[in-house]
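Have a look at the structure below before the remarks.
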Number of protein chains: 2
Amino acid sequence: MVNKIFQAEPNSFIQDVDWVLYSVDPVIFTFYRDELCVLLIKRSSPPYKGLWSLPGGRVDKKACANLEQALLAKLKSKTGIENIFFEQLATYGGSDMDPRGWSVATAYLALVHESELDINRLESEEPIRWWRLSEIGGDKPLAFWHEKMIRDAFVRLRDKSLYTDLPVNFMPNTFTYPMLKQAFEKILGTSISRQSFARRMDAAGIFEDTGERETGRNRPSPVYRRIHRGGSYVFPGIIKPK
Amino acid sequence: MVNKIFQAEPNSFIQDVDWVLYSVDPVIFTFYRDELCVLLIKRSSPPYKGLWSLPGGRVDKKACANLEQALLAKLKSKTGIENIFFEQLATYGGSDMDPRGWSVATAYLALVHESELDINRLESEEPIRWWRLSEIGGDKPLAFWHEKMIRDAFVRLRDKSLYTDLPVNFMPNTFTYPMLKQAFEKILGTSISRQSFARRMDAAGIFEDTGERETGRNRPSPVYRRIHRGGSYVFPGIIKPK
DNA sequence: ATAATAGTGTCTTTCAGACATTATGAT
DNA sequence: ATCATAATGTCTGAAAGACACTATTAT
């Protein structure tokens, strides 16, 4: 039980005025039906009841020792996801973000393959679903500052996709270069030549050929796997925007 | 006055358990006596009384509407600085950061020319001074997680100095290429050829020749000025580490 | 055989690093 | 005149973009 004013050490006072409301808010992107999508939950209680929002919220201070644990717990409870790539994006806050008081929220950029989340099998109290990024930001407002967080997350994703392998976190365990290339192209909004792309990926030395081949109508593509899960590769040059 | 449990909107309850302690902590770097330095204040009250710390702290919720205002207010009150470049670095938090309770802190990376801060003229209650970066992280612990924040801030500064003009924020209004080159070199820990450096800066088109010339013992260097204050330039290529 | 897609090789462009040569100002 | 440093020009190397040509699989 927290007292309004208490003394943790001699001469060390804390007052009500020193506390803020705090949330962690993951911006979870995936490619769903070949479109870049973000996961949103419809709020069932005030404030912003009925509006769509990021699957985040308050931290369980007893259960979580730090921010990373708080985020993982939130992902587990709201989406069921346990294995996911994420990185801290930015922290937002002020008097106008939450009508309940001066509040602070840390947004995380998270990337998954859609198979990691079976929305239909998820027993959620609130409606939850993927929204195409193009659907965000029109006349349908989101709760809190979540729309800005999603915009900022996309900018981070797009900028880092020019010089890192960030989009491989959208791939399943094994994948082909055409699949990965398409992810880069959708994120960057440009087309990339097949040859340049393969050369860039081969030179990175971060993928290994599984020996398998795609099955399809045409010449099959080799199936690759990441050599090291986790971590991030920085390419020596950037993709040049046209 | 904040109640322990109150109802801001129907069915919207907030409990003590939802609050955290919150601080903003600027990592202020400068070149002082040709060395990269960070500004620290000696704490005069618990916790961590007597340890050196970043010039940050709790947010005055009444006076500050958002995080940026909170940071600017903190910079003004602790250091007197009003004009400074800064960007948000990262947010840290957990149960072990502050003995007074579960707390969250947002660190900012801030860069200034040393002339912006006259420490001697500053009437501060606590001792305040520049510390060489090489002095941080030995047997002298810092308060809270400030040592990690400083490390992370330096990594951000070093990484971004490879492909942006971030170090120009260390310069006074007018400066020479040799001055700026030295800043890049100290940050990156490498030497840069004078010719490559000048070509890179000229091509960026972000500086203008003031027409003035340095006075010194040798052939004088042109004195430049940033064309646009604020903003950040991203070079087309990166400085190649040797 | 044809269509569709993948792989290989080569040329061009961009930009950083290195170095030689020339220029300028203080002493 | 000498020294220290700045400016200019040229060559090299790394890596991306573009394109022609060849290879492979399904139909």
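Residue numbers begin at 1 in each chain, while the letters A, B, ... track the order of the sequences. Side chains are part of it too, since the values below use all heavy atoms of this structure and drop only hydrogens, waters and symmetry mates. Predicted, not measured: the structure shown is a model, and the values here were computed from it.
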Anything under 3.5 Å between a protein N or O and an N or O of nucleotides 13-16 of chain D, put it in a table, one pair a line.
from	atom 1	to	atom 2	distance (Å)
D:dA16	OP1	A:R200	NH1	2.9
D:dA16	N7	A:R199	NH1	2.9

Protein-nucleotides 5-8 of chain D N/O pairs closer than 3.5 Å?
from	atom 1	to	atom 2	distance (Å)
D:dA6	N3	B:R219	NH1	3.1
D:dA7	N7	B:R194	NH1	2.9

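Rounded to the nearest 0.5 Å, atoms CE (B:M179) and OG1 (B:T174) are 7.5 Å apart.
For the side chain to side chain donor-acceptor pair (under 3.5 Å) with A:N169, the qualifying choice from A:H113, A:R229, A:R226 is A:R226, the only one to do so.
When the side-chain hydrogen bond (donor to acceptor under 3.5 Å, both in side chains) test is applied to B:E212, no partner is found at least two apart in sequence or on another chain.
Figure legend: B:R200 and B:F235 shown as a cation-pi pair, the cationic atom lying under 6.0 angstrom from the six-membered ring centre and within 45 degrees of its axis. Remark: B:R129 is positioned above the aromatic ring of B:W131, its terminal NZ or CZ atom under 6.0 angstrom from the ring centre and at most 45 degrees off the axis.
Rounded to whole angstrom, the span from the NZ atom of B:K181 across to the C1' atom of C:dG17 amounts to 12 Å. In this entry the distance linking CD1 of B:I192 with P of C:dC15 reads 18 Å, nearest Å. Rounded to whole Å, atom P of C:dT14 lies 24 Å from atom OH of B:Y163. B:F197 has its CZ atom 19 Å from the P atom of C:dC19, to the nearest Å.
Ring-centre distance between B:F175 and B:F207: below the 6.0 Å cut-off.
Between the side chain of B:Q69 and the main chain of B:C64, no donor-acceptor pair closer than 3.5 Å is present.
A perpendicular orientation is assigned to the rings of B:F86 and B:Y108, their planes being inclined by more than 60° (bins at 30° and 60°).
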